[in-house]
Amino acid sequence: MKLPILDKNAFLAIYVSKSSVYANLIYADYNSGRYYTLSDVLDLREDILTSPEFWKEYFLELEKNFNWDILRGEEIRQISAEGVGVYSATMFIDSSIRNSKDIVSSIRTVSHDIKYEFVNNEYRRDILAGICERMGYYDATLVNLDLFDFTVSRHIKEKETVAKGKREKTGSLDSGSIHWSDKKGLIDAIYNSKLRAFLSIDSSISKLTDIWANFVLSPSRKNSSKSIEDISRAYITVQLLSILNEHAKKFTEIGASEKPSLLILQGDLLSNLTIKNLLIAVLDGLEVRGEVDILIDPFSKVISLGKNFVLGIESSDFVVGKRDIFENVVKVFIPEIHKKEEKRKVVFVGSSQSEEEKKDIFALSPEFTFFEIGSDIEHISGKFIKGIGFGKEGIDVVSSVEKVKYLGIIVDARPKPIVYGPDAKSNKTKFVEWMNETN
Amino acid sequence: MKLINNVVKRQELMRIKVPFNGKASNIIEKGKLVRPRDLLFIREYKKVLDVYNLGLELGIRHEKASEYVSRIDGEFVTVGEVIAERIVRGGLAVKKVIATHDGVISLEKISNGILEILSEHVKEDVESQMIGRVVDVDHNEGITLEGSGIVFSVPHSNIKDTIGGVWEVIGDGTSIYSERDLTADYEGKIVFLGRYAYSALVNEAFKRGARAVAVFSIDYSEFASITQPVFVLGGFGNLAYDFRYQKLFSCMDDTFVSASFDTLVWVDKGQYLPKGGKEIVSGKVKVNDLVRIIDPARYSQVGRVVDDSNDDGYYTISLLEDERVLLPESVLEVVNF
């Protein structure tokens with residue numbers, strides 16, 4: 001029985017990247033106001049995407065994992081109740097995967113009902129442009145942090161170009177990437193003096209190399225190893241700095257324009273770092289200044305659900321809302337603070353007000369401070385002290401389900417420019433200061 | 001969800017390359033059926049009498065080794081003759097490599113910094129170890145047999161081409177061995193040096209004629225310094241060595257193996273029966289699953305899931321000697337042996 005899509009609806013979106021398969025099944029019961037998304041990720045270890053046997057098993061296990069009937073034989077089971085059927089299923093396949101068209105042939109052996117879309121630069125540009133339009137951002141950058149593949153794709157809403165004396169406004173996508181084609185090269189990156197300059201773990205290079213080499217052979221998410229976290233953090237910073245330097249002007253001044261900016265982080269390295277370490281790695285790698293929203297997207301929802309979100313009510317199968325994608329967002333303020341400031345000096349004073357309470361908040365230099373937001377609606381406001389370089393006089397942020405529900409606010413009060421080194425021990429001392437941790 | 005790692009599996013209709021590794025005569029015809037002990041070809045080769053790693057001996061980069069060789073390929077040398085030399089200390093001294101055997105110079109591996117002294121020609125009958133069919137004969141390279149093989153996925157190696165040889169295990173493979181545990185002659189062998197090895201032991205095995213070497217674990221810095229073919233079967237560092245690996249590698253002693261960058265294929269003589277092999281994807285990890293730990297603190301340890309009831313996504317794993325650990329699903333790899 002097919003239910004009207006205004007009653008209950010479910011949509012399955014699967015994104016196939018070079019390293020992983022991300023599945024998001026989004027469900028809405030419009031009568032009871034019940035919405036949720038089931039997510040799963042499967043990390044690929046070998047060239048298996050063109051195997052029909054793999055895809056058959058994949059869908060069988062996905063149904064068990066989600067406790068959701070998706071297929072009936074070779075047909076998509078139409079939604080009839082919660083846990084039974086979906087309105088449609090779409091696979092988004094990264095077009096840079098070798099034999100990406102053969103993947104489609106393999107999946108067709110499972111079902112011809114599954115729709116396909118290839119993810120290329122045009123697709124990314126359309127998604128980022130659509131997000132800018134719907135969410136009011138001027139500048140949106142998608143950063144993919146896969147162990148073997150780093151990609152940065154940036155869209156600026158209006159990029160004026162002067163051509164033949166006429167000013168033209170064009171949508172744009174600037175992109176840059178680094179790809180490692182073999183494990184040996186990636187393992188040997190640990191010997192690179194640039195990467196080692198960012199490490200803060202004081203261990204022998206021999207031991208670190210063994211740990212890193214094993215991680216490259218068998219990557220994992222949510223790895224609890226401090227060594228892996230530290231190497232991943234340093235690796236992310238170095239990779240992004242390389243992309244930044246190689247593509248001069250494309251990725252500079254993210255956040256510095258005083259217009260709303262968004263960074264979207266995806267990839268298999270995300271879950272190996274704490275939020276603070278992840279953000280420090282990215283902010284330092286892209287030399288971000290000013291103010292930026294950062295969306296942490298471990299299940300690649302922006303790619304797989306982004307098209308439906310951008311289409312909004314014009315979407316033919318499922319209307320994806322803000323809350324379905326903008327779940328893990330952090331607001332980051334990066335003022336210009338110079339070395340001459342005294343240490344442990346207050347640089348920001350403000351307050352955080354929710355329905356239950358009001359509390360004073362402040363940030364000290366040289367700390368990287370995270371103010372967690374616990375309630376559904378919270379208003380954070382405050383000012384930087386005189387002399388601190390920040391475009392606006394103060395900050396005024398409302399976190400709410402209706403607009404954007406932030407996980408928290410970060411004030412990066414570290415003196416700029418950020419200087420690492422000369423060795424791991426010095427970096428460790430710096431991180432203790434920045435994170436305000438005890439040894 | 002996870003991909004299941006079928007560490008070892010049995011595969012029917014496997015293509016197994018048997019290289020000549022020298023000249024060959026009496027080559028079996030394409031299409032012939034073969035059984036164990038059937039003659040495949042007669043191999044004529046020169047035995048490796050000694051191996052010199054000029055990179056180590058002269059303290060040079062292995063790519064530059066050919067610049068220091070004072071002989072030509074195929075030249076006959078006698079004991080005591082200089083085969084390579086390097087002027088050091090600003091011309092005040094000369095480092096020399098002296099021949100320790102009478103034999104013929106081979107510069108086949110000089111790009112890896114290796115100079116060999118070979119014997120006169122030796123003949124050897126190469127026999128089949130399996131039931132199969134000859135599906136290809138390349139008169140320059142070797143023959144290809146089709147039959148049942150036991151396949152192991154190799155985590156890492158520095159191999160560029162396919163190598164074939166007889167698998168030989170040092171001792172029972174469970175210890176860290178030294179040079180005195182090696183035998184005199186590994187001609188034609190792919191030698192498994194045990195649970196952990198270091199570069200000096202690896203180089204010594206090559207000096208004794210090994211075609212390639214396999215280790216369960218080795219420090220990466222040592223591995224990176226070796227220019228001859230090495231397979232790393234577990235990972236890097238000094239890793240725990242599970243009995244399941246030990247049983248597999250020991251069972252293969254004296255078995256022909258065809259080895260490429262990421263795969264070892266042993267001829268199936270019925271010596272090992274893998275338990276799994278067909279499944280590809282696993283849902284959530286569950287009780288009784290066999291798992292391999294990929295967390296750095298316990299990398300490569302293998303155990304069985306005994307409890308999956310923890311709400312935080314942690315699982316209790318039973319390891320050897322009743323040791324139990326609690327680990328998140330993200331660092332567990334479902335495996336089949």
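Small disclaimer: the values here were computed from a predicted structure and weren't measured. Lettering follows sequence order; numbering is per chain, from 1. The figures here come from the full heavy-atom set of this structure, side chains too, leaving out hydrogens, waters and symmetry mates.
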task: Tell me, for A/Asn223 versus chain B, whether the close heavy atoms (under 4.5 Å) come from the side chain, the backbone, both or neither.
output: both

- prompt: Is it the side chain or the backbone of A/Lys64 that comes within 4.5 Å of chain B heavy atoms, both, or neither?
  reply: neither

B/Tyr220 side chain reached by A/Tyr191 side chain, heavy atoms, under 4.5 Å: yes

field: Which atoms of B/Asn5 approach chain A - backbone, side chain, both or neither, heavy atom under 4.5 Å
entry: both

field: Atom CG of A/Asp182: over 12 foreign heavy atoms under 6.0 Å
entry: yes

query: Checking heavy atoms, do the side chain of B/Ser217, its backbone, both or neither come under 4.5 Å from chain A?
result: neither

- request: Return yes if some donor-acceptor pair links the side-chain N/O of A/Asp40 with the main-chain N/O of B/Met1 below 3.5 Å, else return no.
  value: yes

Test item: B/Lys2 and A/Leu42 side chains (from C-beta on) under 4.5 Å apart, heavy atoms: no

message: Do A/Ser218 and B/Tyr299 make a side-chain contact, defined as non-hydrogen atoms from C-beta onward lying under 4.5 Å apart?
response: yes

task: Return yes when atom CD of A/Glu82 has more than 12 non-hydrogen atoms of other residues, nucleotides or ligands closer than 6.0 Å, and no otherwise.
output: yes

- prompt: Counting only N and O atoms by type, is there a donor-acceptor contact under 3.5 Å from the side chain of A/Ser220 to the main-chain atoms of B/Val331?
  reply: no

A/Leu62, part contacting chain B, at a heavy-atom distance under 4.5 Å: both

field: chain A contacts, top residue of B/Ser300, B/Pro296, B/Gly237, B/Pro328 (heavy-atom pairs, under 4.5 Å)
entry: B/Pro296

field: Residue B/Arg324 excluded, over 12 heavy atoms near CZ under 6.0 Å
entry: no

message: With a 4.5 Å cut-off on side-chain heavy atoms, are B/Ile280 and A/Tyr58 touching?
response: no

task: Measure B/Leu327 against the heavy atoms of chain A and call it side chain, backbone, both or neither at under 4.5 Å.
output: neither

- prompt: Counting heavy-atom pairs under 4.5 Å to chain B, which of A/Leu60, A/Val41, A/Val21, A/Asp210 comes out on top?
  reply: A/Asp210

task: Drop me the distance from A/Ser225's OG to B/Asp295's CG, to the nearest 0.5 angstrom.
output: 6.5 Å

statement: Between the NZ atom in A/Lys207 and the OG atom in B/Ser221, the distance rounded to the nearest 0.5 Å is 14.0 Å

task: Mark yes or no for whether A/Glu61, through its side chain, and B/Ser282, through its backbone, hold a donor-acceptor pair below 3.5 Å.
output: no

task: Starting at OG of B/Ser157, measure out to NZ of A/Lys183 and round the result to the nearest 0.5 Å.
output: 10.5 Å

- request: Answer yes or no: is there a side-chain heavy-atom contact under 4.5 Å between B/Leu3 and A/Ile48?
  value: yes

query: Side chain, backbone, both or neither: which part of B/Glu329 has an atom under 4.5 Å from a heavy atom of chain A?
result: neither

field: Intermediate values then yes/no, side-chain contact (heavy atoms from CB on, under 4.5 Å), B/Val281 and A/Phe54
entry: CA-CA 7 Å; B/Val281 181; A/Phe54 163 70; 3.6 Å; yes

query: What do you reckon, is OH of B/Tyr314 surrounded by more than 12 foreign heavy atoms closer than 6.0 Å?
result: no

field: Heavy-atom contact with chain B under 4.5 Å, split by part of A/Asn214
entry: both

message: Looking at A/Lys56, I'd like to know if its NZ atom is crowded, meaning that more than 12 non-hydrogen atoms belonging to other residues, nucleotides or ligands lie closer than 6.0 Å.
response: yes

